[in-house]
Amino acid sequence: MIATIIICIIIGIWMLYVGYRRFFDKKHSIGSCGGSCHDCHSELCHLDLVKEYRRDQARQKTETL
C-alpha cells in the first residue's frame with residue numbers, strides 16, 4: 001500500500017517535470033534535436049505546427065473575402 005502511494009507520487013512528479021520541460025523547450029524554441037542545430041538538417045525540427053496551421057487558416061480567410 002505504501003509502495004503504491006510512493007510510486008504514484010514519483011510518477012506524478014515525473015509527469016509534472018516532463019510537462020514543464022515541454023513548455024520550457026517550446027517557449028525557448030529548443031527543437032526535438034535537443035538544441036544541437038549544427039547537426040540537425042531537418043526543417044521540421046523547430047517548426048511550430050499550431051502556429052503554421054493558424055497562419056494558413058488566416059490566409060484562407062483573407063483569400064475568401
Side-chain angles (χ1 to χ4, degrees):
M1 175 84 172
I2 294 176
T4 304
I5 293 172
I6 292 172
I7 290 173
C8 287
I9 290 172
I10 290 172
I11 290 173
I13 291 171
W14 177 73
M15 290 181 72
L16 288 172
Y17 173 74
V18 169
Y20 170 76
R21 290 303 300 172
R22 288 186 54 89
F23 172 75
F24 180 76
D25 290 350
K26 180 79 170 173
K27 190 174 182 179
H28 296 319
S29 70
I30 298 172
S32 61
C33 63
S36 57
C37 295
H38 63 280
D39 294 334
C40 181
H41 301 290
S42 174
E43 295 177 4
L44 296 175
C45 185
H46 294 278
L47 184 64
D48 186 357
L49 296 177
V50 174
K51 183 188 275 185
E52 291 296 320
Y53 174 76
R54 288 181 181 155
R55 187 179 297 150
D56 288 342
Q57 293 298 317
R59 280 187 203 142
Q60 288 177 358
K61 195 175 202 180
T62 57
E63 289 175 359
T64 58
L65 295 174

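All residue numbers refer to positions in the sequence shown, counting from 1. Computed from a prediction, not measured in an experiment: that's the story for all the values here.
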With the 4.5 Å side-chain cut-off for hydrophobic clustering, are I11 and V18 part of the same group?
yes
Assigning hydrophobic clusters by single linkage (Ile, Leu, Val, Met, Phe, Trp, Tyr; side-chain heavy-atom cutoff under 4.5 Å), is M15 placed with I7?
yes
Sequence-distant partners of I2, side chain to side chain contact (heavy atoms under 4.5 Å, CB included), two or more places apart
I6
Side chain to side chain contact (heavy atoms under 4.5 Å, CB included) with I13: which residues, sequence neighbours excluded?
I9
Rounded to the nearest 0.5 Å, how far does OG1 of T62 lie from CD of Q57?
11.0 Å
Tell me every residue that passes side chain to side chain donor-acceptor pair (under 3.5 Å) with R54, counting only those two or more places apart in sequence or in another chain.
none
